[in-house]
Number of protein chains: 2
Amino acid sequence: MRNSVILRAMPTRKGPANSADLRSVARSSETLASIFAALGDPTRLKLVAILCAGGAFSIVQLTANTEISRQGVTKHLQVLADAGMVRNVKLGRERLWQLEPKQIEEAKRTLEIIGREWELALGKLKTFAESK
Amino acid sequence: MRNSVILRAMPTRKGPANSADLRSVARSSETLASIFAALGDPTRLKLVAILCAGGAFSIVQLTANTEISRQGVTKHLQVLADAGMVRNVKLGRERLWQLEPKQIEEAKRTLEIIGREWELALGKLKTFAESK
DNA sequence: ATATTAAGCATCCATATGGTTGCATTTCAT
DNA sequence: ATGAAATGCAACCATATGGATGCTTAATAT
């Protein structure tokens, strides 16, 4: 044996991982990545957390909870909107923002799938280490 | 009543949402955001998916599954490593990469929390809409 | 001993991102 | 009618990001 380490190389394989669920995740990897990217900023994460309370908030209200300018918040909201995670309605002179339930549900489902796959991966790693 | 729409403004409130779990998420928002950001790129998502199979792969092997250069892959792996999601071991002339079980487990747990919170938010939205 | 293979290092490039500021526009309250 | 409030629009700026390329170094195989 060339190496007595737990880590060892696997044969090169084309294509993605061999689980159907994981493949379905990979198929929409662009969309999924955009969702993760949307959450990949502290300010945006905070905005989402606030909106998670279930309400509809105006830009000034949301700005009050951050350290940045109103325009900065607007930009972040736009990013979230582009990822389809949030929607808005103009009401008089203010624009109210809330979570987009459908997309959020979709994202949550995907995260669950990934969670399950990770579980699977961890299981394999464990038996791998134990069988050493 | 000023507006007969489902959407309506909530009173401005300082501080984050009022759930203990969600607060705990917000507390580590920097770390959490870095995890999401790490997953927020199609190539990186693909790398993670491959590593989810549970193996340890060299850079050339990982590169074979992407469209970009070896150096590009190296950079992406570094991003994942910075987020603590992946680790590597130098083995002879190659460097093998695999998922970091601890961090992955942590990330998964956080995603579950967010999932639960979203559920909660959706519930509120529903009763909100129905009570109209 | 030497060619080959795997990876590292440094540089460069274009574009995206996160943020600001200043000014215009729309709506509301008095 | 007019001033204040909430946004919108556009430009600007610094830095981060995703990517390539060229050359060097370290291990391996023959």
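Letters A, B, ... are given to chains in the order of the sequence lines, protein chains preceding strands, and every chain is numbered from 1. These numbers were taken from a predicted model, which means no experiment stands behind them.
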Inset, instruction - Drop me the distance from B:Lys75's NZ to B:Leu77's CG, to the nearest 0.5 angstrom. - result: 13.0 Å
Inset, instruction - Give, for atom CD1 of B:Ile59 and atom CG of B:Leu47, the distance between the pair rounded to the nearest 0.5 Å. - result: 10.5 Å
Mind calculating the distance between [atom1] ([X]) and [atom2] ([N]) to the nearest angstrom?
{"X": "A:Gln71", "N": "C:dA24", "atom1": "CD", "atom2": "C1'", "result": "12 Å"}
{"X": "A:Lys75", "N": "C:dT21", "atom1": "NZ", "atom2": "P", "result": "13 Å"}
{"X": "B:Leu96", "N": "C:dA6", "atom1": "CG", "atom2": "P", "result": "12 Å"}
{"X": "B:Leu80", "N": "D:dT17", "atom1": "CG", "atom2": "P", "result": "13 Å"}
{"X": "B:Arg93", "N": "C:dA6", "atom1": "CZ", "atom2": "P", "result": "6 Å"}
{"X": "A:Arg95", "N": "C:dT26", "atom1": "CZ", "atom2": "P", "result": "13 Å"}
{"X": "A:Leu62", "N": "D:dA6", "atom1": "CG", "atom2": "P", "result": "13 Å"}
{"X": "B:Leu77", "N": "D:dT17", "atom1": "CG", "atom2": "C1'", "result": "16 Å"}

Inset, instruction - Given side-chain contact (heavy atoms from CB on, under 4.5 Å), test A:Lys90 with A:Asn88 step by step and report yes or no. - result: CA-CA 7 Å; A:Lys90 185 92 177 266; A:Asn88 68 78; 5.7 Å; no
Inset, instruction - Take B:Leu51 and B:Met85 through the side-chain contact (heavy atoms from CB on, under 4.5 Å) test and state the conclusion after the steps. - result: CA-CA 11 Å; B:Leu51 294 178; B:Met85 310 191 57; over 6 Å; no
Inset, instruction - Under 4.0 Å between any heavy atoms, over every strand shown, what does A:Gly92 touch: base, sugar-phosphate, or nothing? Just pick one. - result: sugar-phosphate
Inset, instruction - Have a look at B:Lys90 and say if it touches a base, only the backbone sugar-phosphate, or nothing, with a 4.0 Å heavy-atom cut-off. - result: nothing
Legend entry - From C:dG18, D:dG19, C:dG19, nucleotide with atom closest to A:Arg44 side chain: C:dG18
Inset, instruction - Select one nucleotide: of D:dG19, C:dG8, D:dT7, the one nearest the side-chain heavy atoms of A:Val60. - result: D:dT7
Does [X] put a side-chain nitrogen or oxygen below 4.0 Å from OP1 or OP2 of [N]?
{"X": "B:His76", "N": "D:dG19", "result": "yes"}
{"X": "A:Ser58", "N": "D:dT7", "result": "yes"}
{"X": "B:Arg70", "N": "C:dA7", "result": "no"}
{"X": "A:Ser69", "N": "C:dT20", "result": "yes"}

Inset, instruction - By nearest nucleotide on DNA chain C, pick out whichever of A:Glu67 and B:Thr74 is the more 5' one. - result: B:Thr74
Inset, instruction - Answer yes or no: is there a side-chain heavy-atom contact under 4.5 Å between A:Trp97 and A:Phe57? - result: no
